[in-house]
> 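Quick one: this structure, given as structure tokens, is what I'll be asking you about.
Sequence lines set the chain letters: A, B, ... in the order given, protein chains first and strands last, and positions in each chain run from 1. The figures here come from the full heavy-atom set of this structure, side chains too, leaving out hydrogens, waters and symmetry mates.
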Amino acid sequence: MLLLRDHMDEKFLKPYNPGATEDKIYRLWETSGFFNPDNLPKRHREPFSIVLPPPNVTGILHVGGALMVVIEDIIVRYKRMRGFKTLWLPGTDHAAIATNTRVEKIIYKEEKKTRYDIGREVFIAKVEKFVAENRGALKHQIKQMGASLDWDREAFTLDKKRSLAVKTAFKMMYDAGLIYRGTRIINWDPRGQTTISDDEIVYEERLAKLFTFKYSKDFPIAISTTRPETKLGDTAVAVHPDDKRYQKYIGQTYKVNFAGANLEIKVVADEIVDMEFGTGALGVTPAHSQIDAELALRHNLPSIQVINEHAKIKLPIPGLEGEKTVAAREKIVKWLKTEGLLIKEGEITQNISTAERTGSVIEPLPKLQWFVDVNKPIEKRGGKSLKQLMHDAVASGQIKILPERFEKEYFNWINNLHDWNISRQIWYGHRIPVWYRNNEIYVGVDRPDGLDWEQDPDTLDTWFSSGLWTFSALGWPERTRDLEIYHPTDILETGYDIIFFWVARMILMSEFLLGDIPFKTVYLHGLVRNEKGKKLSKSLGDNVDPLSITDKYGTDALRMALIVGVGPGSDSKLSNDKLKAYKNFANKLWNIARFVLSQERPADGKTGLDQELVNEFSALTKDITNDMENYRFYIAAEKIYAYIWHRFADEILEESKKMSSRRETLYYILENSLKLLHPFMPFITEEIWSELKASAKPPEPRSLLMIETWPS
RNA sequence: GCGCGGUUAGCUCAGUUGGUAGAGCAUCCCCUUGACGUGGGGAGGGUCAGAGGUUCAAGUCCUCUACCGCGUACCA
């Protein structure tokens, strides 16, 4: 049985108890004020800043979010100890589409009503109530992870200041001709009743039927399609100019009656047509296909919209009008058969576009929408387009993306980038700052003077406001001191799954609006999967709640389990074994402290330091510091773990039982080990640190490990 | 189609610039009850997916192949 020395707290008689420690320690940190860089001691001069990727207010943080918080907290704590004036700025994201859809579902479940039934105002009020409730829970979870965020600067992507930022950005881009309104083929989500951007599409491979047929008996060319119902809107057949089979028909126009629709089909020649596919002839439906719309533009073809916003036939054709697309398809195929027009029915695999949020099959429709022009040369940016600005920021090395392989993906995405559809027909979000009156249009931050102005009913894509985050969170468009000190931010840490959604858009916005990069380094982490290797997904309800893990194992153990052995950008699995291992480690450290504290600390220099062990420790420190500087946190964590357990405890400490002269060295190693470990396991290290200080003789002033100097 | 990643001990995964294979868990043996809600010492276990190449030396660099996963384009 251990003899309790008079200076030792009773708690050291028991194993480490995270539950009893963590809340207390977090409160200690919060009341110290040091999360706010303004309160840091004088030695913290050079600024260092990170903005927290704002989690969606839709739900609770799952372990993927926890990983993000942990990596950033490790970086931030390390930098703070290194003496930087460190700011980590928190916030939450209103997540327009996600939240809108979520609340719509809840309302439908509870009241069997749609948002159209209850109206815009009532709906928004309900969403805001939902958001307010969720934000509290989210914040609590982030704190539970030990995040040393400056809550004094907390922001929300839909609060007043951010709203001003969004409207200002919109106006600046509109004035520069980068935002325009036009009718284009867009991705329509019939279930969500809104447009979505290309990035919000999820492709699913499915088997589909490919029908080969003629429009009518006297039409000379057969075509193939998987969607006969859209053929009601065909205005041309396109063939390859070199295709000998069809050359004689090029330029001819045929009048046909196709399933009740009177069509004028012109035969045009275009290089885009693949002679090998199907019959080598392409039925052109300008209203429901991007490619066909481009063809129509080139050949001056009219466009007939066949399908409406509810994915139903809108043409006034008896028997077809009002039918859903799939039903209409069956009817038309049946008609083709009875007319003897169907030539072939085959199967092909095709990628079908579905909406990320609702799972609905995307219907390409022509619609009047707002877009960001990514190709227009910008005068005040040296004639570069947004595309070029995004490209150059990374290509020039101003922004470094880690791991490097994602730079390739980034460039690849830019090469394939089309104009960005930014208007959404949902209600929750930043309303488009445009007002109309008769033929007048007004774009501005505030409603224009005068009567009869009507604001655009649409809202903006969530990522429009998220794109401003690094600077809107710091107060832009106001020229704040924070903006001056902390922008560009140093590191943007986020999951690789939103590199296009978010990282690219932030670069776009910052480059145009500020003429500067938003961050110097992008560090991308991978997905956290469950033990079976399955992707954790919010929509599947496959949440792993970090709170239940911290209850069982302690936050420090969870942090280690999430970090160790997980390289940047690679997916990881969280297992109970791993959590248990680091829970045991916490207890091991606790017992090490107990042992060291059970021995009176000699006055400085009395027993002297074992120079060999001190040198060994310096080498370790150098090594770990090098890893920290190079974002190898997963290796650094493993090294300090191995040292503390298998070198310090197993060997140094064991040997010391036979040599009383080691005592001062033991204290030295323990103190400095706590410092190296603190970014990874902040709670237990801070707790032991406070015991060390309390037991010192003569008593040392209270101090926080959190702002101690990183060893050199 | 194009691209990226993975393939290392029974399981989950590390392995920074090429220099005689590592961790955690699991298995087996021994020891510990005066730091340890357990811990310590030790053992077994890998032709580093396969083939070829560069090199004094390759898990690490190059080429090809296979399987798994992912991204993206096209999709009539």
> Does the Lys NZ or Arg CZ of A:K693 fall within the cation-pi geometry relative to A:W689 - under 6.0 Å from the ring centre and within 45° of the axis?
yes
> Let me have RNA chain B in dot-bracket notation, would you? Count Watson-Crick plus G-U wobble pairs, both distances under 3.5 Å, and use [ ] for pairs crossing earlier ones and | for inter-strand partners.
(((((((..((((.....[..)))).(((((.......))))).....(((((..]....))))))))))))....
> On RNA chain B, nearest-nucleotide positions of A:K14 versus A:D274: which is more 5'?
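It is A:K14, whose closest nucleotide lies nearer the 5' terminus.
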> In this structure, are over 12 heavy atoms from other groups packed under 6.0 Å from A:E276 atom CD?
no
> So, for A:Y553 and A:Y582, is the gap between ring centers shorter than 6.0 Å?
no
> Let me know the distance between CG of A:D623 and C1' of B:G15, rounded to the nearest Å.
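These atoms are roughly 14 Å apart.
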> How is A:I592 classified with respect to the nucleic acid when contacts are heavy atoms under 4.0 Å: base, sugar-phosphate, or nothing?
base
> For A:T226, answer base if it contacts any base atom (sugar-phosphate contacts may also be present), sugar-phosphate if it contacts only those atoms, and nothing otherwise; contact means non-hydrogen atoms under 4.0 Å.
sugar-phosphate
> Side chain of A:V273 only, heavy atoms from C-beta on: which candidate in B:A76, B:C74, B:A35 is closest?
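Of all the options, the side chain of A:V273 is nearest to B:A76.
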> How many Å lie between CG on A:N576 and C1' on B:A26, as a whole number?
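Checked: the CG to C1' distance equals 15 Å.
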> For the backbone of A:R594 and the side chain of A:N591, can you confirm whether one donor and one acceptor N or O come within less than 3.5 Å of each other?
no
> Distance-only, no hydrogens or angles: does the A:T279 side chain make a donor-acceptor pair with backbone N or O of A:A222 under 3.5 Å?
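Confirmed, A:T279 side chain pairs with A:A222 backbone.
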> If you draw a 6.0 Å radius around NZ in A:K552, do more than 12 non-hydrogen atoms from other residues or ligands fall strictly inside?
no
> Could you check how far CG of A:D627 sits from C1' of B:U17, rounded to whole Å?
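It works out to 14 Å between those atoms.
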> Measure from the side chain of A:Y634, starting at C-beta and using heavy atoms only, and say which of B:A76, B:A14, B:C75 lies closest.
B:A14
> Whether A:K622 engages the ring of A:F617 as a cation-pi pair (distance to the six-membered ring centre under 6.0 angstrom, angle to the ring normal within 45°) should be assessed.
no
> OP1 or OP2 of B:G3 less than 4.0 angstrom from a side-chain nitrogen or oxygen of A:K408, does that happen here?
no
> When the P atoms of B:C25 and B:G40 are considered, how many whole Å apart are they?
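Comparing P positions in B:C25 and B:G40 gives a spacing of 9 Å.
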> For A:R405, report the nucleic acid contact type (base, sugar-phosphate, nothing); a contact means any heavy atom under 4.0 Å.
sugar-phosphate
> To the nearest Å, give me how far apart CD (A:E204) and P (B:G71) are.
12 Å
> So, is A:Y203 close to the B:G71 phosphate, meaning a side-chain N or O under 4.0 Å from OP1 or OP2?
no
> Is A:R662 salt-bridged to A:E655, cutoff N-O under 4.0 Å?
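The answer is yes: the pair qualifies as a salt bridge.
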> Using a 4.0 Å heavy-atom cut-off, does A:F406 contact any base of the nucleic acid, only the sugar-phosphate backbone, or nothing at all?
nothing
> Among B:C74, B:C36, B:G15, which is the nearest nucleotide to the side chain of A:I291?
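It is B:C74.
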> A:Y410 side chain N/O closer than 4.0 Å to the phosphate oxygens (OP1, OP2) of B:G71?
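Checking B:G71 against A:Y410, no side-chain N or O comes under 4.0 Å of OP1 or OP2.
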> Between B:G45 and B:C11, how many Å separate the two C1' atoms, rounded to a whole number?
13 Å
> Check the distance between B:G6's P and A:D571's CG and give it to me in whole angstrom.
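Taking CG of A:D571 and P of B:G6, I get 11 Å after rounding.
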> Tell me which residues in residues 645-653 of chain A put a heavy atom below 4.0 Å from RNA chain B, sorted by number, or none.
A:W645, A:H646, A:A649, A:D650, A:L653
> For the residue pair A:W463 and A:F501, categorise the inter-ring angle as parallel (less than 30°), tilted (30 to 60°) or perpendicular (more than 60°).
parallel
> Between the base of B:A76 and the side chain of A:E276, is one N or O donor paired with an acceptor at under 3.5 angstrom?
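Answer no: no donor N or O sits under 3.5 Å from an acceptor.
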> Give me the distance, rounded to whole Å, that separates B:G18 from B:A26 when you measure between the C1' atoms they each carry.
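Comparing C1' positions in B:G18 and B:A26 gives a spacing of 33 Å.
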> Determine the Euclidean distance between corresponding P atoms of B:A23 and B:G69; express it in Å to zero decimal places.
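That atom pair is separated by 31 Å.
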> Look at A:K588 and B:A35 and indicate whether a side-chain polar atom (N or O) is within less than 4.0 Å of OP1 or OP2.
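For B:A35, neither OP1 nor OP2 has a side-chain N or O of A:K588 closer than 4.0 Å.
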> Could you measure between the two P atoms, the one in B:G34 and the one in B:A21, and give it in whole Å?
41 Å
> Without decimals, in angstroms, what is the distance between A:K622 NZ and B:U16 C1'?
15 Å
> Picking from B:A35, B:G24, B:A76, which would you name as closest to the side chain of A:A581?
B:G24
> Rounded to the Å, how far apart are A:Y16 OH and B:A35 P?
22 Å
> Return no unless some side-chain N or O of A:S572 is found under 4.0 Å from OP1 or OP2 of B:A14.
no
> Under 6.0 Å between ring centres, would you say that holds for A:Y496 and A:H525?
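Judged by ring-centre distance (under 6.0 Å), A:Y496 and A:H525 do not meet the cut-off.
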> Relative to the ring of A:F411, is the ring of A:H391 parallel (under 30°), tilted (30 to 60°) or perpendicular (over 60°)?
tilted
> Round to a whole Å and report the spacing from OH of A:Y496 to C1' of B:G5.
9 Å
> Quantified in whole Å, what is the P atom distance between nucleotide B:A73 and nucleotide B:U65?
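Per the computed distance, 25 Å lies between those P atoms.
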> Using a cut-off of 6.0 Å, state whether more than 12 heavy atoms not belonging to A:K344 lie near its atom NZ.
no
> Mark yes when over 12 heavy atoms from residues, nucleotides or ligands other than A:K580 sit less than 6.0 Å from its NZ; otherwise mark no.
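Counting other residues, nucleotides and ligands, NZ of A:K580 stays at 12 neighbours or fewer.
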> From the options B:G24, B:G37, B:A76, select the nucleotide whose nearest atom is closest to the side chain of A:N587.
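Nucleotide nearest to A:N587's side chain: B:G37.
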> Reading RNA chain B from 5' onward, which residue's closest nucleotide shows up sooner: A:K639 or A:N416?
A:K639
> If only atom types and distance count, is the side chain of A:K266 paired as donor or acceptor with the main-chain N or O of A:A238 below 3.5 Å?
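Flag not set: sc A:K266 to bb A:A238 has no pair under 3.5 Å.
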> Below 4.0 angstrom, which residues in residues 227-240 of chain A have at least one non-hydrogen atom near RNA chain B?
none
> Taking B:C13 as the reference, what is the distance to B:C70 when you measure between their P atoms (whole Å, please)?
15 Å
> In whole Å, what separates the C1' atom of B:U7 from that of B:G42?
32 Å
> Within the structure shown, what part of the strands sits under 4.0 Å from A:S570 by heavy-atom distance: base, sugar-phosphate, or nothing?
sugar-phosphate
> Can you tell me if the side-chain N/O atoms of A:N584 get under 4.0 Å from OP1 or OP2 in B:C36?
no
> For A:S570 versus A:V566, what's the shortest heavy-atom pair and its separation?
O-CG1, 3.8 Å
